[in-house]
Amino acid sequence: MQYIRKSIANLAKFIINYTPNTWVESIKKHPKLVAVYSNNLHKSGLMYQLQTIEEQKASYLAYIKHQNAQMSAQIKSSGNMVCESMLLVCVEQFNSNELFITLASIKAQHLPFSNVIFWCKNTDEKNLNHFLPKHCDFEFVVTSDLVGDARLNKEKTKASFVVYSGDKLDSYLTFALTTNINLDTHLAYFDTDKLSNEREREYPDFKPDWNPDLQLTAGYINSGLWVKTLADFAYGCGTLSAFNVARYMVFCYLNNLPLTIQHIPLVMLSRSSNLVSFANAKAFLEPLYNKVAEIDNSNDLPTLSLRWHLDYKPLVSIIIPTCNAKELVRACIDSILNKSTYTNYEILLVDNNSDDSESLRYFNQLSEHPKITLLTYNKPFNYSAINNFAAKQANGEVLALVNNDIEVITPDWLTNMVSHVMRDDIGCVGAKLLYSDNRIQHAGVVIGYGGGAGHGHKYFPSDHFGYMNRLIATQNYSAVTAACLLIKVKDFWAVGGLNAKKLAIAFNDVDLCLKVRELGKRNLYCAEAVLYHHESVSRGHEDTPEKVKRFNAELAYLQTTWADVIAADPAYNPNLTLKRENFAIKSFR
């Protein structure tokens, strides 16, 4: 897939730059050819904010040079050091070519591992014991029984770094382990990249800090895991497979183990570009997931879609503020009433100073519907105050803040969002929102964009998988937009609702989410809930002195109140840019 995308991007760029006008005109006479070309150009990213292949390579090369320079300077000034961690190499299937890659990178370490363990299947143990002595100049143990092998009793009390055969370790890995692991850390992981067929490093996965839901759906930590004691990993990783690391992380989360998990934003491991899709982990992980969620089998994606079990279906109070906008409200409410599979909801339509007779007549008609209540808010527009006003009159256990320009696409949107919001450790739940032209409007809020906050993957095509599959994977973000946001009533009022005094218009949803996060909850982007957000594509700018003054005051409040998150959003990565919303690597040149 990555090769296809590279080829499409390069072809599209060539066509844009070098195609004669006469040839372009001839293409236009063939509708099917135009459709294929347009679709490929669309997916290439050239019409959006995606980097070209050349830009990606250049920016990553600059990063690698920067990282190597940093590590080289540190190791020269560090004096004599010893790496006390062992290395566990999971040999899922014996392949000498893959092993050579890993062995060479073990030998290239600036500090040696204290020991190396090769974990393999019974059928490969004899082959490994014959192969490794010829190619290893370091101590090692081969085992097919990670749990019961008595030779490992002493070793299992030690720290270990877990990788797979075929992984290439950065030469500074042992030094990075020795200097970066905190004393209170139980688990730690690094960023990774891909090895091309020519064994060149490319396409880095600059990961977020510990993100349980991204682990559940995308297995973003899949190798390169440091564990404080090997015994703990052996206990929870399951039988040998391509997904032992991913399973262990899921095991830790679902069993609510009190672990400190550290993310070290350095690329210290290169993985094959031909890894098995995480979707293939379903059978391996399903016994764990079945206790809490159902895995959806209806899609063909490289991620897993989970619908969490509900003990009951709570009443959801859907709050929709509006001023006039009859047709927008009609499209919004009709889609909720006619498409939603979840039926235990009420709609609170809040009229804020409407003066259009047609709209007023329509709103009165809606009030006759058994599921709809018409509320009147006659004060000046204040998004936070309007929603707080309506929330006080809501009957539901869950609030759904919904803009009047939202339109349902996926019928199970509310079912999926409710299944998440009712989890004890989840606070605010947001949806995937599309502009009318099917570009991404919202798929999670990244704190720090432009010095404030912005929407990750904004303007990407709706069928794009996103960076690290983050457009199609339900996961945790520090904030989500209130254009379509669910929150338990008790959590909403535990933080005092929306801030009507300081954040009347902008950033009130970001502030709400960050306040909820301080309750010990995680906010979540639900990739399975897809809706249109029509008007935002053409919404007016802050183009009057009064609006500019108000916006700047609200931005200043956000920057002052949440300076720590703006400086380092745990759902993002410090090696990625904050200048654009495309997950590009920041400049290291």
Side-chain angles (χ1 to χ4, degrees), residues 293-294 296-299 305-322 325-350 362-363 365-375 387 390-391 393-423 426 428-436 438 440-443 462 472 474 480-489 492 509 524-536:
E294 171 189 352
D296 180 11
N297 296 313
S298 64
N299 62 49
S305 296
L306 305 178
R307 180 176 295 166
W308 288 66
H309 302 320
L310 282 170
D311 295 330
Y312 63 96
K313 294 184 177 180
L315 177 65
V316 179
S317 297
I318 303 175
I319 299 172
I320 306 174
T322 191
K326 171 188 171 184
E327 294 308 318
L328 280 177
V329 173
R330 184 194 299 277
C332 177
I333 290 184
D334 283 354
S335 71
I336 294 172
L337 293 174
N338 298 327
K339 292 184 179 180
S340 302
T341 55
Y342 191 96
T343 58
N344 192 23
Y345 62 83
E346 63 172 357
I347 296 176
L348 304 180
L349 180 64
V350 190
Y362 174 62
F363 298 161
Q365 291 174 359
L366 285 177
S367 68
E368 298 175 3
H369 192 286
K371 281 186 173 292
I372 302 174
T373 300
L374 179 63
L375 302 176
N387 280 280
Q393 302 179 63
N395 297 306
E397 186 178 348
V398 174
L399 298 177
L401 310 184
V402 175
N403 281 15
N404 66 352
D405 52 2
I406 291 292
E407 182 180 350
V408 174
I409 297 176
T410 54
D412 287 342
W413 72 282
L414 193 52
T415 302
N416 285 315
M417 294 180 77
V418 170
S419 80
H420 286 295
V421 81
M422 293 305 291
R423 295 162 58 188
I426 296 297
C428 301
V429 176
K432 177 186 284 188
L433 302 181
L434 309 181
Y435 288 123
S436 305
N438 287 315
I440 296 293
Q441 192 270 330
H442 169 267
S462 61
I472 58 172
T474 290
V480 292
T481 181
C484 182
L485 179 153
L486 265 63
I487 181 174
K488 290 185 282 287
V489 169
F492 186 79
D509 46 4
L524 181 137
Y525 154 65
C526 179
E528 292 77 27
V530 188
L531 306 95
Y532 281 119
H533 191 182
H534 287 299
E535 284 294 282
S536 290

> If you take all heavy atoms of N404 and I320, which pair is closest and at what distance?
Replying inline: CA-CG2, 3.8 Å
> Hey, are the side chains of T343 and L414 touching, using non-hydrogen atoms and a 4.5 Å cut-off?
Replying inline: no
> Which residues pass the side-chain hydrogen bond (donor to acceptor under 3.5 Å, both in side chains) test with E397, sequence neighbours left out?
Replying inline: Y312
> Yes or no on side chain to side chain contact (heavy atoms under 4.5 Å, CB included) for V480 and H442, after CA distance, side-chain angles and deciding distance?
Replying inline: CA-CA 8 Å; V480 292; H442 169 267; 3.8 Å; yes
>> Using a 3.5 Å distance criterion without hydrogens, assess whether the side chain of T341 forms a donor-acceptor pair with backbone atoms of P411.
In response: yes
> Checking T474 side chain against A527 main chain: does a donor-acceptor pair fall under 3.5 Å?
Replying inline: yes
> So, D296 versus S305: side-chain donor-acceptor pair below 3.5 Å or not?
Replying inline: no
> Roughly how far, to the nearest 0.5 Å, is the CE atom of M417 from the OG1 atom of T410?
Replying inline: 9.5 Å
> Looking at CD1 of I347 and CD1 of I372, how far apart are the two atoms once the value is rounded to the nearest 0.5 Å?
Replying inline: 4.5 Å
>> Could you work out, with ring pair (Phe, Tyr, Trp, His ring centres under 6.0 Å) as the rule, every residue matching Y532, not counting sequence neighbours?
In response: H534
>> Looking at K339 and V408, would you say the former's side chain and the latter's main chain have a donor-acceptor pair under 3.5 Å?
In response: yes
>> Applying side chain to side chain contact (heavy atoms under 4.5 Å, CB included) to C428 and L524, what does each step give before you reach the verdict?
In response: CA-CA 6 Å; C428 301; L524 181 137; over 6 Å; no
> About how many Å separate CH2 of W308 and CD of E294, when rounded to the nearest 0.5 Å?
Replying inline: 13.0 Å
>> Under the rule for side-chain contact (heavy atoms from CB on, under 4.5 Å), what residues qualify as partners of N416, not counting sequence neighbours?
In response: R307, D412, C526, E528
>> If you apply the rule side chain to side chain contact (heavy atoms under 4.5 Å, CB included), what do you find for I319 with L399, and how did you get there?
In response: CA-CA 7 Å; I319 299 172; L399 298 177; 4.2 Å; yes
> Can you name the residues that form a side-chain hydrogen bond (donor to acceptor under 3.5 Å, both in side chains) with S335, not counting sequence neighbours?
Replying inline: none
> Which pair of heavy atoms, one from L374 and one from S367, lies closest together, and at what distance?
Replying inline: CB-CB, 3.8 Å
>> Under the rule for side-chain hydrogen bond (donor to acceptor under 3.5 Å, both in side chains), what residues qualify as partners of D334, not counting sequence neighbours?
In response: none
> Roughly how far, to the nearest 0.5 Å, is the CG atom of L401 from the CD1 atom of I487?
Replying inline: 7.5 Å
> For the atom pair CD (Q441) and CD1 (I406), what is the distance rounded to the nearest 0.5 Å?
Replying inline: 7.5 Å
> Should V429 and Y525 count as side-chain neighbours, where that means a heavy-atom distance under 4.5 Å?
Replying inline: no
> Looking at A529 and A431, what are the two nearest heavy atoms and their distance?
Replying inline: O-CB, 3.4 Å
> Does a side-chain heavy-atom distance below 4.5 Å link C484 with L433?
Replying inline: yes
> Are any non-hydrogen side-chain atoms of L328 and T322 less than 4.5 angstrom apart?
Replying inline: no
> Taking all non-hydrogen atoms of both residues, which atom of P314 and which atom of V398 are closest, and how far apart?
Replying inline: CG-CG2, 4.2 Å
> With no hydrogens and no angle check, is any side-chain donor or acceptor of H533 less than 3.5 Å from a backbone partner on L434?
Replying inline: no
>> To the closest 0.5 Å, what do you measure between NE2 (H369) and CD (E346)?
In response: 13.0 Å
> Are any non-hydrogen side-chain atoms of C332 and I336 less than 4.5 angstrom apart?
Replying inline: yes
>> When you measure from the side chain of S340 to the backbone of Y342, do you find a donor-acceptor pair of N or O atoms at a distance under 3.5 Å?
In response: no
> Given side chains that start at C-beta, do those of V316 and V418 come closer than 4.5 Å, heavy atoms only?
Replying inline: yes
> Hey, is NZ on K313 packed in by over 12 heavy atoms from elsewhere, all under 6.0 Å?
Replying inline: no
> Under the side-chain hydrogen bond (donor to acceptor under 3.5 Å, both in side chains) test, which residues partner H420, sequence neighbours left out?
Replying inline: R423
> Can Y362 and L366 be said to form a side chain to side chain contact (heavy atoms under 4.5 Å, CB included), step by step?
Replying inline: CA-CA 6 Å; Y362 174 62; L366 285 177; 3.4 Å; yes
